[in-house]
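Take a look at the structure below.
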Protein chains: 2
Amino acid sequence: MSDLLERLRGRGWRMTAQRRVVAEVLDGDHMHLTADEVHARAVDKLPEISRATVYNTLGEMVSLGEVIEVSTDHRAKRYDPNAHRPHQHLVCARCGAIRDVHPAGNLLGDLPDTERFGFTISDVEVTYRGICPNCA
Amino acid sequence: MSDLLERLRGRGWRMTAQRRVVAEVLDGDHMHLTADEVHARAVDKLPEISRATVYNTLGEMVSLGEVIEVSTDHRAKRYDPNAHRPHQHLVCARCGAIRDVHPAGNLLGDLPDTERFGFTISDVEVTYRGICPNCA
DNA sequence: CGCTTGACTTAGACAGTGTCCATTGTAGGA
DNA sequence: TCCTACAATGGACACTGTCTAAGTCAAGCG
Ligand SMILES: [Mn+2]
Ligand SMILES: [Mn+2]
Ligand SMILES: [Zn+2]
Ligand SMILES: [Zn+2]
């Protein structure tokens with residue numbers, strides 16, 4: 001089942017009921033949940049799990065590169081278990097729906113050397129904004 | 001001096017000391033300030049200006065398209081008076097320094113039709129991340 | 001000019017999101 | 001089974017942003 005859980009076990013994580021539940025929630029069908037949304041779903045499976053533990057666990061997963069933090073609006077960060085296939089996000093400006101997208105081309109190459117100001121650039125983050133078919 | 005102020009006057013804004021000061025701060029040398037940083041600088045010029053007014057004024061300037069909201073980290077929004085020349089941002093992952101950059105190429109064109117899922121896309125937001133010369 | 005009025009400002013309460021810490025619990029190895 | 005280092009807990013706290021009720025004032029008008 002949980003590939004995410006497998007990878008975490010392989011990294012020497014102490015396996016607790018709480019971490020199992022957080023991993024299960026992330027691997028479920030709902031993508032791009034906020035920490036509090038993850039917590040709400042986790043509570044359904046393990047009523048005594050605390051908010052702090054969910055925040056800690058998500059933060060650790062991000063540090064390990066197993067989960068990605070996404071912030072498409074200026075509100076809560078969202079947690080994305082799709083960390084092993086590089087992708088970007090397409091966001092509906094009206095309802096907030098989020099889709100994974102895979103742009104063609106070399107995004108990093110679009111930035112000329114004269115525009116790099118001596119930075120060593122390691123990452124490009126792109127958010128496409130528009131109106132989804134439902135909202136149109 | 002303040003081009004920003006001129007444009008706002010032209011839009012029928014009631015001209016108050018508070019709005020003048022916020023516009024002056026934005027047009028100063030420091031770019032990409034947070035609302036509370038704008039407030040701190042505004043207080044130096046007009047001690048009684050309130051936090052709420054700074055938030056309100058910045059929000060109105062954004063609505064009018066005279067200022068852009070930027071969120072490069074997952075913390076406070078930053079306010080960018082450079083609203084009339086489209087650009088993107090380059091951010092130092094260590095110290096948070098922000099530079100304006102002007103990518104070549106058609107950013108929107110990088111997203112194939114098959115990756116648009118029926119959305120009407122109106123905007124692309126790009127953040128380049130790396131390490132600045134100072135931090136390297 | 002001085003009045004009038006509706007737009008603007010203010011202080012502070014409140015809400016949403018995230019962090020911290022002292023205490024308690026427990027996974028997993030000896 | 002026991003130990004102990006690591007993890008979980010709950011609640012206080014910090015940061016960012018929003019809201020409201022009451023007071024203030026810019027600007028148009030006589
Ligand atoms: Mn994603
Ligand atoms: Mn800028
Ligand atoms: Zn929509
Ligand atoms: Zn730096």
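When each of C/dG18, D/dA8, C/dT10 is scored by its nearest atom to the side-chain atoms of B/Gln18, the top-ranked nucleotide is C/dT10. Here D/dT9 is the nucleotide among C/dG28, D/dT16, D/dT9 with the atom lying nearest to any side-chain atom of A/Ala52. Picking from D/dG17, D/dA8, C/dC8 the nucleotide with the shortest atom distance to the side chain of B/Lys77 gives D/dG17. Ranking D/dA7, D/dT9, C/dT9 by closeness to the A/Glu48 side chain, first place goes to D/dT9. Checking D/dT16, C/dG18, C/dT10 against the side-chain heavy atoms of A/Ala76 singles out C/dG18 as nearest. Comparing D/dG17, C/dT9, C/dT17 against the side chain of A/Asp36 picks out C/dT17 as the nearest. Of the candidates D/dG10, C/dT9, D/dG17, C/dT9 carries the atom nearest the B/Thr57 side chain, counting heavy atoms from C-beta on. Distance from the side chain of B/Asn56 is smallest for C/dT10 among the nucleotides D/dT18, C/dT10, C/dC8.
Defined by atom type and a distance below 3.5 Å, a donor-acceptor pair is present between the side-chain atoms of A/Asp100 and A/His32. The closest side-chain donor-acceptor pair between B/His84 and B/Arg7 falls under 3.5 angstrom. Under 3.5 Å, the side chains of B/His89 and B/Thr72 contain no donor-acceptor pair of N or O atoms.
Between the side chain of B/Arg51 and the base of D/dG17, a donor-acceptor pair under 3.5 Å is found.
Under 4.0 angstrom from either OP1 or OP2 of C/dC8 there lies at least one side-chain N or O belonging to B/Arg19. For the OP1/OP2 pair of D/dA8 and a distance below 4.0 Å, the side-chain nitrogens and oxygens of A/Thr16 include at least one atom meeting the criterion.
Heavy atoms of other residues, nucleotides or ligands lying less than 6.0 angstrom from CZ of A/Arg11 number more than 12. Heavy atoms of other residues, nucleotides or ligands lying less than 6.0 angstrom from CG of B/Asp44 number more than 12.
Going from atom CH2 of A/Trp13 over to atom P of D/dA8 covers 8 Å, rounded to whole Å. At whole-Å resolution of the value, CZ in A/Arg14 and C1' in D/dA7 are 6 Å apart. Distance CZ (B/Arg20) to C1' (D/dC25): 12 Å, rounded to an integer number of Å. As rounded to whole Å, 11 Å separates atom C1' of D/dA26 from atom CE of B/Met15. Atom NE2 of A/His74 is separated from atom C1' of C/dG18 by 18 Å (rounded to the nearest Å). In this structure, CG of B/Leu58 is placed 11 Å from P of D/dT18, rounded to the nearest angstrom. Whole-Å rounding puts the A/Tyr55 OH to D/dA7 C1' distance at 19 Å. Atoms CZ (B/Arg9) and P (C/dA7) sit 20 Å apart, rounded to a whole Å.
Nucleic acid contact for A/Thr53: base, since at least one base atom lies under 4.0 Å from a heavy atom of the residue.
Projected onto DNA chain D by closest heavy-atom contact, B/Thr34 and A/Val54 fall at different nucleotides, the more 5' of which corresponds to A/Val54.
For the pair A/Phe119 and B/Arg99, the minimum side-chain heavy-atom distance is below 4.5 Å.
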